[in-house]
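Side chains included, hydrogens not; waters and symmetry mates left out as well; all remaining heavy atoms used. Letters A, B, ... mirror the listed sequences (proteins, then strands); counts begin at 1.
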Number of protein chains: 2
Amino acid sequence: MSASRVPINKKATVACNNCSLSDLCLPRGLTKDELARLESAIDKTSKINKKDYLYRRDDPHQAIYAVKSGSIKTSLSTLDGEEQILGFYLPGDLVGFDAFANSKHSCDAQALEDTFVCELNMDSFHELCGSIASMRNGMMRQVGMEIGREHQLLLTLGQMRTEERLATFLTGISERNQSRGFSGREFYLPMPRHDLANYLGMAVETLSRMFSRLQEDGIISVNHRLIEILAPERLKGLGHHQCR
Amino acid sequence: MSASRVPINKKATVACNNCSLSDLCLPRGLTKDELARLESAIDKTSKINKKDYLYRRDDPHQAIYAVKSGSIKTSLSTLDGEEQILGFYLPGDLVGFDAFANSKHSCDAQALEDTFVCELNMDSFHELCGSIASMRNGMMRQVGMEIGREHQLLLTLGQMRTEERLATFLTGISERNQSRGFSGREFYLPMPRHDLANYLGMAVETLSRMFSRLQEDGIISVNHRLIEILAPERLKGLGHHQCR
DNA sequence: GGTAAAGCTTGATCTAAATCAAGCATTCCT
DNA sequence: AGGAATGCTTGATTTAGATCAAGCTTTACC
């Protein structure tokens with residue numbers, strides 16, 4: 001394994017039914033017994049320090065991870081030293097589905113800030129999927145959402161101009177925060193401009209210009225990574241390529 | 001449902017263990033009994049006429065499909081009438097994983113030519129996944145491969161110049177054909193230029209110019225959709241952004 | 001606490017690829 | 001078989017965004 005992973009004292013582990021994320025990341029409708037089995041399967045909580053890797057390409061598939069706090073980026077690295085960022089994972093998101101093809105991770109997962117994750121190890125995962133139908137269905141739903149996010153990103157990279165890419169990204173983050181009970185109007189972006197530009201398929205300078213443009217137009221207010229959405233409807237309106 | 005789907009006489013259905021695709025699309029190591037259950041679950045084979053839809057966005061998730069012959073493209077359509085092609089599916093490929101998020105398809109699937117598919121309906125799918133571990137694992141492997149393909153496409157759209165995009169696409173198709181027992185040197189592309197350009201995120205004219213360039217350089221020979229790879233190593237060498 | 005290193009923004013210039021335009025080939029349809 | 005529509009290629013022109021360059025701010029590190 002690749003990084004300094006500090007397992008937190010087990011006593012400090014939050015039980016699933018007390019975890020504020022349980023309704024986000026876990027299937028509903030488990031019996032008391034099933035929930036207990038799930039809880040005991042989540043065998044540890046880890047801290048990943050900023051810039052450390054949760055896993056790297058070719059690492060064996062040891063677990064599915066739920067982000068409890070902090071944030072993770074996944075990316076592909078090429079031989080010539082470039083990278084393509086594939087996704088950003090915020091609290092409540094599940095990471096690790098990239099290893100289903102051959103039980104090895106197919107991309108890197110790196111912490112953008114100090115991050116805490118729950119781990120559901122793959123042995124337990126398989127056992128639970130085998131014996132609890134709702135667990136299996138919940139996981140499939142999660143995998144489906146992952147595929148859906150990637151489709152959306154393909155649409156973004158393939159069809160949109162740079163301003164529209166940023167606009168749809170920001171409305172996405174905003175709605176996501178809102179649905180998680182945070183503010184959709186004002187939030188911090190966890191990633192540096194460099195990473196966001198890469199994710200959105202443009203140069204850092206272009207991204208910076210687009211931030212400035214949206215600010216000049218009075219649509220958002222930008223203060224480094226703190227973003228305030230001043231005109232959500234206008235921002236959303238910039239996303240012309242919405243799915244039918 | 002959206003299209004004219006002609007179910008083929010059941011007697012003409014090829015049994016799974018005689019199907020030349022079984023080793024491609026089905027998990028290995030089933031017992032005789034399990035194989036029989038799988039075979040009986042694959043309840044029909046359909047023909048989808050060229051340009052008809054196998055399914056459309058928001059259609060209920062009725063089945064997972066295996067392409068037996070022909071080819072399918074999946075795509076997202078936007079309100080302003082644009083589309084982004086997400087994938088091309090050739091014989092031996094499985095289609096339909098886009099509906100896991102909420103049991104509705106999240107993209108369109110259209111036949112590029114007259115196409116035959118096997119259908120594994122979702123009731124059987126769930127039952128088999130619940131009771132046969134190797135079936136479940138095989139499906140997860142397939143889903144993982146799907147995610148891997150999408151990651152590769154994100155890298156292509158996000159990092160590569162147009163010539164490199166085409167070069168990696170062609171080497172990919174070539175290797176894929178080879179591994180399926182077909183010629184990796186000479187093959188027909190099933191999709192029109194328009195679709196390939198969209199998939200690769202460039203204008204048709206640009207795609208056409210890149211085909212011409214590769215031909216002028218003596219790397220490939222192009223005759224409409226018939227492609228001959230003259231210098232596979234040079235073609236592969238154009239793909240600078242290979243994964244570490 | 002001071003210096004170095006990232007991180008971010010803005011401006012000037014350049015270029016890869018889009019768009020516009022036209023013509024030829026192929027397929028589709030009656 | 002004939003005509004229309006679709007598909008493909010090549011050339012000329014334009015442009016969105018990359019690259020190059022510089023300065024300024026914040027964070028990281030002895």
Side-chain angles (χ1 to χ4, degrees), chain A residues 49-52 71 73 80 82-85 110-114 156-167 169-170 188-217 220-227 238 240-241, chain B residues 49-52 73 82-85 110-114 156-167 169-170 188-217 220-227 238 240-241:
Chain A
N49 291 315
K50 183 173 177 175
K51 298 207 174 172
D52 277 348
S71 49
K73 72 168 181 182
D80 58 348
E82 308 256 28
E83 79 170 332
Q84 174 63 42
I85 293 177
Q110 191 179 18
L112 289 165
E113 53 199 319
D114 289 357
T156 301
L157 293 179
Q159 299 298 325
M160 298 180 191
R161 325 230 116 257
T162 54
E163 187 185 48
E164 188 177 0
R165 292 185 201 184
L166 177 56
F169 173 79
L170 290 176
Y188 277 96
L189 297 176
M191 72 293 284
R193 295 285 191 271
H194 177 81
D195 282 346
L196 183 53
N198 177 294
Y199 177 71
L200 294 175
M202 64 183 85
V204 209
E205 296 93 327
T206 306
L207 177 63
S208 185
R209 278 183 250 272
M210 293 306 138
F211 269 119
S212 302
R213 183 138 108 199
L214 293 178
Q215 181 160 241
E216 281 159 24
D217 294 350
I220 64 176
S221 157
V222 184
N223 196 298
H224 300 273
R225 297 191 191 173
L226 176 63
I227 309 293
L238 290 175
H240 298 100
H241 291 270
Chain B
N49 291 317
K50 182 175 178 174
K51 298 206 174 173
D52 277 348
K73 71 167 180 182
E82 308 257 27
E83 77 169 333
Q84 174 63 44
I85 294 178
Q110 190 179 21
L112 290 165
E113 53 199 317
D114 288 357
T156 301
L157 293 179
Q159 299 298 325
M160 298 180 189
R161 324 230 116 254
T162 54
E163 187 184 50
E164 188 178 359
R165 294 185 199 183
L166 178 55
F169 173 79
L170 290 175
Y188 277 96
L189 296 177
M191 74 293 285
R193 294 285 191 271
H194 178 81
D195 282 345
L196 183 53
N198 178 293
Y199 176 71
L200 294 175
M202 64 183 87
V204 209
E205 296 94 326
T206 306
L207 176 64
S208 185
R209 277 182 249 273
M210 293 307 138
F211 269 119
S212 301
R213 184 139 107 198
L214 293 178
Q215 181 161 242
E216 281 159 24
D217 294 349
I220 64 176
S221 157
V222 184
N223 196 299
H224 300 273
R225 298 193 190 173
L226 176 63
I227 308 294
L238 290 175
H240 297 101
H241 290 269

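- Axis angle between the ends of the helix from C:dG1-D:dC30 to C:dT30-D:dA1, five pairs each and rounded to 10 degrees, works out to 60°.
- Between atom CZ of residue B:Phe169 and atom CD1 of residue B:Ile227 there is a gap of 9.0 Å, rounded to the nearest 0.5 Å.
- Atom pair A:Phe211:CZ and C:dG7:C1' shows a separation of 13 Å (rounding to whole Å applied).
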Hey, what are the protein-to-nucleotides 19-23 of chain D N/O distances that come in under 3.5 Å?
| from | atom 1 | to | atom 2 | distance (Å) |
| --- | --- | --- | --- | --- |
| D:dT19 | O4 | A:Arg209 | NH2 | 3.0 |
| D:dC20 | N4 | A:Glu205 | OE2 | 3.1 |

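- B:Asn49 places no side-chain N or O within 3.5 Å of a backbone atom of B:Asp114 that could act as its donor or acceptor partner.
- Once rounded to the nearest 0.5 Å, the distance linking CD1 of B:Ile220 with CG of B:Leu166 reads 6.0 Å.
- Between B:Ser212 and D:dT9 there is no side-chain polar atom (N or O) within less than 4.0 angstrom of OP1 or OP2.
- Residues A:Gln159 and B:Asn198 form a side-chain contact, since some pair of their non-hydrogen atoms from C-beta on lies under 4.5 Å apart.
- The CD-P distance, from A:Glu163 to D:dA18, rounds to 14 Å in whole Å.
- As rounded to whole Å, 8 Å separates atom P of D:dT10 from atom CD of B:Gln215.
- Put simply, CG on B:Leu196 and CE on B:Met202 are 7.0 Å apart, with the number rounded to the nearest 0.5 Å.
- Across the protein-nucleic acid pair, B:Leu207 atom CG and D:dT10 atom P stand 12 Å apart, rounded to whole Å.
- As rounded to whole Å, 10 Å separates atom C1' of D:dG7 from atom NZ of B:Lys51.
- When the side-chain nitrogen and oxygen atoms of B:Thr162 are compared with OP1 and OP2 of C:dA17, one or more of them lie within a distance under 4.0 Å.
- With sequence neighbours left out, the side chain to side chain donor-acceptor pair (under 3.5 Å) criterion links A:Glu164 to no other residue.
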Restricting to nitrogen or oxygen on both sides, can you table the protein-nucleotides 24-30 of chain C pairs closer than 3.5 Å?
none

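- Between B:Leu157 atom CG and D:dG17 atom C1' the separation is 17 Å, expressed in whole Å.
- Taking atom CE of residue A:Met202 and atom C1' of nucleotide C:dC8, one finds them 15 Å apart after rounding to whole Å.
- Atom CZ of B:Arg225 is separated from atom CE of B:Met191 by 8.5 Å, given to the nearest 0.5 angstrom.
- Interatomic distance, CG of B:Leu226 versus CG of B:Leu189, reported as 8.5 Å (0.5 Å rounding).
- Distance CG (A:Leu200) to C1' (D:dA16): 16 Å, rounded to an integer number of Å.
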Can you list, pair by pair, the side-chain donor-acceptor contacts under 3.5 Å of residues 207-217 of chain A, counting residues two or more places apart and other chains?
| from | atom 1 | to | atom 2 | distance (Å) |
| --- | --- | --- | --- | --- |
| A:Ser212 | OG | A:Ser208 | O | 3.0 |
| A:Arg213 | NE | A:Glu163 | OE2 | 3.3 |
| A:Gln215 | OE1 | A:Val222 | N | 2.8 |

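- For the salt bridge (Lys or Arg N to Asp or Glu O under 4.0 Å) test, residues two or more places apart in sequence or in another chain that qualify with B:Glu83 are B:Lys73.
- Within the 4.0 angstrom heavy-atom criterion, only backbone atoms of the sugar-phosphate kind lie near A:Arg225; the bases stay farther away.
- Atom CZ of B:Arg165 is separated from atom OG1 of B:Thr156 by 8.0 Å, given to the nearest 0.5 angstrom.
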